[in-house]
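Working notes, structure below.
Order of appearance sets the numbers: ligands from 1, and atoms from 1 within every ligand.
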Amino acid sequence: MTKHIKDVIASRRALLGGFAGLPLLSLAQSAAGTEPVPPEFQSVDPTNADTISLPPGYRWRTLIAWGDALFEGMSSFDPDALNRADQERRFGQNNDMLALFPADYSFPFASNTQRYLLCANHEYVEPSLLFPALAALQDFTPAHVEAALAAIGCTVVEVEQNGGEWRIVKNPESGNGRNRRITPFSPVIFSGAAANHRWIRAGATAFNAAEPAGPDADPNEVRCGTLANCAGGRTPWGTYLTSEENFNTSGTMLTDASAPALAAAQTDTAWILASGNFGTPLYSTMREDQLPPRFDVSANPYGPAVYGWVVEIDPYDPTWVPRKRTSLGRKKGECANTALTKNGRVAVYMGDDQIDEFIYKFISTGHFDPNNRTGNRDLLDEGQLYVARFNEDGAGDWLPLNLERINSAVAEAPYHARFEDTGDVAIRAREAARLLGATPMDRPEDVEPLIDADWLGRGTILLSCTYNRNEEFYRPGNPRRGDAQANHIQQSNVGGHILRIDEHNNDCGATRFRWDVFTLAGDPRADNTFTLPNGIAADVSVTIDGRPTFEGDRFSCPDNLCVDNSDNLWIATDGSDSVFPDCNDSVMIAPIGASGPRPVKRFLVAPVGAEVCGPTLAFDETAFFCAIQHPGEANSAGVSNAELRWRNHQRPPSNFPDGGDSWPRSAVVVVTREDGGRVGS
Ligand code: FEO
Ligand code: CA
Ligand code: CA
């Protein structure tokens, strides 16, 4: 039997001193000296049902869905009547990240909280799921586009549990409520290393000209708001971090390739590299009168520089203008998860979700003060940004994005421009990371540090790589790959995988780590060859060095993660049905500390066409929340709703969550046990 390439690689790594093939470090064993108890719920069978499918003894409810009013006295939702002003007071579309904060802040967060502030991201809009009465995409007017843009961004909404039932708490029309929307029209303030960068200043002018300043406007505010909000994180001082991801598809276009402003920008090598890397401008199919002119890259070539950041929002204080924390680097940001280092600084873990981009960590200069909540709010402006390099021997390094080192690399590299200052490093973080030799990853998504009750990082980090369908050679940390040295066969990673990092000395402030594969996503019953729905053979086996990385229910495309108090990893998938079409995207549960093949069970299956995002738990773990994003965006055969609607004039293939013949709506669902017990156990 031919030895599979992953085994060749694993063996070579073991010889080099890596720990592939050795039992994984056991969290539970190190803490309590016992094996963890795997969850006992009955796995959900694969299904294409257009609903939430759960184990026996569980039930789900819609907590809030696209268009639901955030304020008292508003009319019921009519998606054809939607305009910008109305959408700015309703829950947005395509909700992604979810984060819960106790309604009354305390540190640590009180575990018996039953009333929360829920923060949600709205990543983008799918035009074919908007305005049911329109017959064609070309019928979108500028007013429709403004309403669509207002459906993107973030929501803050109060939620509470009473008598076992969860509901949102609408705020009075006027008053001091905390419910609100932050959209691409809202004011933000740039802070940190790149706050005054020339690209941002140039790009911001058109945004401020287009949106009138409010009566109490801060002179530093830029009215570009936030968009493409994918995942994010929470800080121990109770702020919400939201990451701007695919901003090129939500708000930049090119209408005139010969425009003078564009020609001027194209003399700037750094601008050309950044634009090529981010895919801006997007050659839009929209007419030029459809998207507001400030998004037109031919007229406002530096407009895209105002996006691609981590934005800090204070859910407790609607008067505090959200800050774009530029010191965390510009990228197609995914999560921004925090952990305290052993000396009390703040570490922020971030993935840049594009094929062959990187994993980052920021460490603040200042220290977290649990007795001064708002005094911590500017901690993320000053510190050091690092990028991960995974080495062949199972070790890894956090490489500092240091100006001098980067410019030394520039001197050796053709086609790169010097970095002028730390602001330039922040805004060109991707280019800097590549120059320093960071390891390109298979779409790194969530990077989840395990923390204790006091937010102290435990030193273990789980991170998901959703997939990489390019055929490439093996790289450390990206195991399902061809080996350039062994057989020169390039290979794709259709299933994705999850990695584990253990920081040196279990300190999230460390600059060295060890890494290993936590699971290869795939089918534990498949050998190395598997035929995808498109007829192409792919590797979805889950073994490395003859060792299965998990057993149980198959899944692929791991995306958002969360960890419960029993050290179970909750895995939400995005695109699993493109590999295993018999089951919609799902939530899987895997005990982190298990030795041997890790038992993975399917806990939840989403409705047709949806991805699952934002998995999170009530603090007492009696409720599980997740985002059902874009139900009906495609049918179970993978045909897009855009094609079904605009070409075939059909209704969307999902009626989630309202059922019947209703129009589909993205929604937050809450899952509880019928006996009121802890979920997922
Ligand atoms: Fe928006 Fe990386 O998923
Ligand atoms: Ca995602
Ligand atoms: Ca993803």
Side-chain angles (χ1 to χ4, degrees), residues 92-99 119-126 129 151-154 184 226-233 241-251 277-279 282 307-311 329-337 349-360 430 440-448 462-469 493 495-499 521 555-562 569-578 584-588 604 606 609-616 625-631 633-634 666 668:
Q93 207 196 34
N94 282 351
N95 45 289
D96 198 294
M97 166 86 185
L98 304 175
C119 292
N121 282 350
H122 305 283
E123 186 173 8
Y124 68 106
V125 287
E126 166 47 47
L129 293 173
I152 303 172
C154 303
T226 184
L227 52 70
N229 306 79
C230 195
L241 302 178
T242 176
S243 275
E244 298 173 331
E245 191 193 14
N246 295 308
F247 57 88
N248 57 318
T249 63
S250 287
N277 192 283
F278 282 115
L282 182 74
Y307 299 117
W309 302 106
V310 173
V311 187
R330 183 165 178 251
K331 49 199 171 303
K332 287 188 179 176
E334 201 49 62
C335 58
N337 288 309
Y349 292 88
M350 297 169 283
D352 184 345
D353 182 11
Q354 188 170 303
I355 287 171
D356 293 341
E357 289 298 331
F358 311 112
I359 292 165
Y360 297 83
R430 282 180 155 189
M441 308 298 290
D442 290 346
R443 291 196 60 184
E445 182 94 3
D446 244 354
V447 188
E448 190 75 33
L462 281 305
L463 66 96
S464 54
C465 290
T466 308
Y467 61 79
N468 182 345
R469 291 176 187 164
N493 176 12
H497 61 284
I498 300 173
L499 292 175
F555 72 101
S556 71
C557 305
D559 211 59
N560 297 142
L561 308 173
C562 74
L569 185 67
W570 296 60
I571 306 161
T573 72
D574 174 12
S576 188
D577 51 347
S578 67
N584 303 337
D585 272 315
S586 303
V587 174
M588 318 297 292
L604 177 153
E611 67 173 279
V612 194
C613 311
T616 195
F625 302 82
C626 64
I628 302 300
Q629 189 179 162
H630 58 72
E633 192 175 65
S666 297
V668 178

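Residue C613: no N/O/S atom is found under 2.8 Å from atom 1 (Fe) of ligand 1. Coordination check, D574 versus atom 2 (Fe) of ligand 1: failed, since every N/O/S atom of the residue sits at 2.8 Å or beyond. In summary, no N, O or S atom of D559 is located under 2.8 Å from atom 2 (Fe) of ligand 1.
Among the heteroatoms counted here (N, O or S) of E123, OE2 is the one nearest to atom 1 (Fe) of ligand 1. Atom 1 (Fe) of ligand 1 lies closest to atom OE1 when only the N/O/S atoms of E245 are considered. Taking the Ca ion (ligand 2) as reference, the nearest N/O/S atom within E445 carries the name OE2. D559 has its closest N, O or S atom to the Ca ion (ligand 2) at the position named OD2. The atom of D353 nearest to atom 2 (Fe) of ligand 1 is OD2, with the search restricted to N, O or S atoms.
Annotation: angle subtended at atom 2 (Fe) of ligand 1 by E334 OE1 and E445 OE1 is 90°, to 10°.
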Could you go through F278 and R430, starting from their C-alpha distance and side-chain angles, then the distance that decides it, and tell me whether this counts as side chain to side chain contact (heavy atoms under 4.5 Å, CB included)? CA-CA 9 Å; F278 282 115; R430 282 180 155 189; 3.4 Å; yes
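Although no hydrogens or angles enter the test, the distance criterion places a donor-acceptor pair under 3.5 Å between the side chain of N94 and the main chain of Y124. Remark: the backbone N or O of H630 is paired with a side-chain donor or acceptor of S666 at under 3.5 angstrom. A donor-acceptor pair is defined here as one N or O able to donate and one able to accept, closer than 3.5 Å; such a pair exists between the side chain of D585 and the backbone of S576. Remark: side-chain polar atoms of E123 are not paired, donor with acceptor, to backbone N or O of C230 under 3.5 angstrom.
Among residues two or more places apart in sequence or in another chain, the salt bridge (Lys or Arg N to Asp or Glu O under 4.0 Å) test is passed with D442 by R475, R481.
When Q354, E245, E357 are each tested for a side chain to side chain donor-acceptor pair (under 3.5 Å) with K332, only one passes: Q354.
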